[in-house]
Asker: 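Could you have a look at this structure, given as structure tokens, before my questions?
All heavy atoms count here, side chains included; hydrogens, waters and symmetry mates do not. In what follows, every chain begins at residue 1, and chains take the letters A, B, ... in the order their sequences are listed. Everything numeric here is computed off the predicted structure, so don't read it as measured data.
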Amino acid sequence: MPTLIQARDIADYEGQEITLQGWVYNRTHKGKLVFLLIRDGYGFVQCVAFQGELDAELFETLAHIPQESSVIVTGMVRADSRAPGIPGGYEVGIMGVEVVQAVGDEYPISLKEHGVDFLLDHRHLWIRVPSQWAILRIRTTIISAIREWLEQNGFTLLDTPILTPAACEGTTTLFETEYFDEGPAYLAQSGQLYNEANIFAFGKVYCFGPTFRAEKSKTRRHLTEFWMVEPEMAFCDLEQLMEVEEQFISHIVQRTLRDCRNELLSLGRDLSVLERIVPPFPRISYDEALEKLAQIRAETDDAEARKLLEIEWGDDFGSPHETALTKLFDKPVFVYGYPTGAKAFYMEPWPGRPDVSKSVDLLAPEGYGEITGGSERISDPDLLLKRIHEHNLPEEAFRWYIDLRRYGSVPHSGFGLGVERTVTWICGIEHIRETIPYPRTINRVYP
RNA sequence: UCCUCGGUAGCUCAAUUGGCAGAGCGACCGGCUGUUAACCGGUUGGUUCCUGGUUCGAGUCCAGGCCGAGGAGCCA
């Protein structure tokens with residue numbers, strides 16, 4: 001058998017006889033000529049059969065081979081600018097085909113238009129099409145880049161529990177489950193509090209795992225099960241946190257550009273937009289952000305937009321505010337110093353301004369909005385205890401967390417990055433549900 | 001939880017004022033040596049989301065329900 005190759009490497013084999021193992025993504029029968037678009041998991045390659053060059057029986061088989069049949073193709077690689085594919089520009093002149101399985105039933109997903117509900121019901125097949133394949137390859141590259149950067153920069157991976165005793169932050173709705181005789185347990189919404197314990201043993205740490213939110217959110221930015229990476233650092237203040245985040249995000253984007261160029265192009269992504277994502281990122285305070293929003297409101301004639309952009313000091317941003325702010329910049333923008341009342345209980349107050357917290361969100365450009373949320377954490381045990389009481393949290397459950405401030409407390413900071421929101425932004429797509437292999441939304445747990 | 005929109009063939013959709021249920025795609029058959037979701041001809045294809053009501057007559061109007069999408073709130 002000639003050399004078995006992967007579709008993405010096809011350009012390296014011009015003029016050589018090769019073998020491809022894969023599936024028939026599309027077939028075009030044109031009289032004495034058959035085009036098969038073969039996908040092999042690594043790319044999409046056009047293979048061409050001429051009637052005069054093949055055994056008559058084989059040609060007849062190829063002329064009728066059903067979509068998604070599995071095949072082993074041998075043939076000669078040649079350059080041809082007309083050839084579609086990922087990457088395109090090369091095709092295989094078919095010399096032989098072994099049909100592993102000829103599909104007998106009609107394949108549900110045609111190459112024509114389908115509705116979202118239908119596609120999600122067939123997610124197990126939908127992931128085969130080029131757009132979904134490209135998005136999920138970009139996802140895995142982004143995850144690899146995340147781990148790579150953190151490991152190269154001294155972060156230790158420590159997995160935090162998924163079954164947790166109570167709300168970590170006491171804000172969002174959690175999935176509840178019975179835990180033997182211990183009463184209810186909850187699916188994790190964050191590993192942060194455990195990360196804070198871990199930094200006192202390991203310095204810089206991260207956790208990376210699935211996160212669960214039972215909020216009844218029905219928007220293109222929400223999943224009930226999503227993946228979050230949460231780095232946490234000892235001896236780190238808010239300013240240092242922003243420096244880490246911009247290095248981290250830039251690495252993720254540049255690595256994806258390097259390794260997933262074909263995938264990004266196949267999605268129609270404008271690469272120049274991503275090439276700009278290098279440090280430093282702009283930083284604006286919450287107060288400055290409010291001024292900019294007021295200015296945007298004053299300049300718009302759209303009454304509805306004006307209403308959506310209403311905000312008073314003390315409110316957290318809604319999605320319309322984030323979208324409007326990100327359109328002012330061509331890089332991700334840090335917004336820091338949110339009102340204490342709008343954020344979680346554990347955030348360090350701004351020096352001399354207790355109504356402001358040392359918090360920072362990173363908003364992705366082009367209207368994508370929040371991809372990270374972070375803060376410097378309270379390091380004083382008395383203040384932390386006071387905040388726990390103010391938020392009506394059970395002191396007993398947080399005893400271990402308060403201990404961290406009693407035994408060698410230091411300034412420390414961390415953030416969480418939503419993987420699927422990052423993938424959505426880097427891919428330049430509309431909806432978060434395409435960025436995870438099997439999305440879980442408010443009314444979908446199948447397949 | 002709230003607001004808006006939608007549900008008709010396997011898929012994507014159309015159906016005028018309430019008057020015979022339609023098209024494209026897919027599948028199947030035939031044609032075509034450069035297709036890019038090919039194209040051309042033919043064949044096939046229906047619980048119009050459910051329940052009840054109005055009417056000579058309901059896909060269409062009314063009431064209730066179910067399911068889905070987009071957005072708000074909440075959040076990453």
Asker: Where is the tightest heavy-atom contact between A:R213 and A:F175, given as atom of each residue plus distance?
Answerer: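 The pair with the smallest heavy-atom distance is O-CE1, 3.4 Å.
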
Asker: I'd like to know if A:E91 reaches the base of B:rG34 with its side chain such that a donor and an acceptor end up less than 3.5 angstrom apart.
Answerer: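 Present.
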
Asker: Using a heavy-atom cut-off of 4.0 Å across all strands, would you classify A:D361 as base, sugar-phosphate, or nothing?
Answerer: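 No contact.
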
Asker: Between B:rA76, B:rA72, B:rA37, spot the one nearest the side chain of A:K112, thanks.
Answerer: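 Nearest nucleotide to the side chain: B:rA37.
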
Asker: Output the single nucleotide from B:rU35, B:rC74, B:rG71 whose closest atom is nearest the side chain of A:S217.
Answerer: B:rC74

Asker: Rounded to the nearest Å, what distance is computed from the CZ atom of residue A:F317 to the C1' atom of nucleotide B:rA76?
Answerer: 16 Å

Asker: If the cut-off is 4.0 Å, is A:K216 near the phosphate of B:rU1, judged by side-chain N/O to OP1 or OP2?
Answerer: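 Checking B:rU1 against A:K216, a side-chain N or O does come within under 4.0 Å of OP1 or OP2.
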
Asker: Of all the choices, B:rU12, B:rA76, B:rU35, which nucleotide is nearest to the side chain of A:E113 once you look at every atom?
Answerer: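 Comparing B:rU12, B:rA76, B:rU35 against the side chain of A:E113, the answer is B:rU12.
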
Asker: Please report the shortest heavy-atom distance between A:L328 and A:I296, naming the atom on each side.
Answerer: CD1-CD1, 4.1 Å

Asker: Looking at B:rA27, B:rC11, B:rA76, which one has an atom nearest to any side-chain atom of A:L223?
Answerer: B:rA76

Asker: What nucleotide among B:rU12, B:rU35, B:rG73 has an atom nearest to a side-chain atom of A:T28?
Answerer: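 Among B:rU12, B:rU35, B:rG73, the one nearest the side chain of A:T28 is B:rU35.
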
Asker: What is the separation between atom CZ on A:F118 and atom C1' on B:rG26, rounded to the nearest whole Å?
Answerer: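 Going from CZ in A:F118 over to C1' in B:rG26 covers 10 Å.
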
Asker: Nearest to the side chain of A:H431, which nucleotide is it out of B:rG34, B:rU35, B:rG70?
Answerer: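 Between B:rG34, B:rU35, B:rG70, the one nearest the side chain of A:H431 would be B:rG70.
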
Asker: A quick test of your reading: do over 12 heavy atoms of other residues, nucleotides or ligands sit less than 6.0 Å from CG of A:N443?
Answerer: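 Yes, because the 6.0 Å sphere around CG of A:N443 holds more than 12 heavy atoms from other groups.
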
Asker: Between the side-chain atoms of A:Q51 and the base atoms of B:rU33, is any donor-acceptor pair under 3.5 Å?
Answerer: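 Side chain to base: no pair below 3.5 Å.
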
Asker: When you measure from the side chain of A:M228, which nucleotide among B:rU33, B:rA76, B:rU12 comes out closest?
Answerer: B:rA76

Asker: Locate the shortest heavy-atom distance separating A:I135 from A:E434; write the atom from each residue and the value.
Answerer: CG2-O, 3.2 Å

Asker: Measuring from the side chain of A:R78 (C-beta onward, heavy atoms only), which nucleotide among B:rG34, B:rC11, B:rG71 has the closest atom?
Answerer: B:rG34

Asker: Return the nearest nucleotide to the side chain of A:F226; candidates are B:rU35, B:rG71, B:rA76.
Answerer: B:rA76

Asker: Taking the side chain of A:H29 as heavy atoms from C-beta outward, which of B:rC32, B:rG34, B:rC11 is closest to it?
Answerer: B:rC32

Asker: Whole angstroms only, please: what is the CH2-P distance between A:W126 and B:rG10?
Answerer: 22 Å

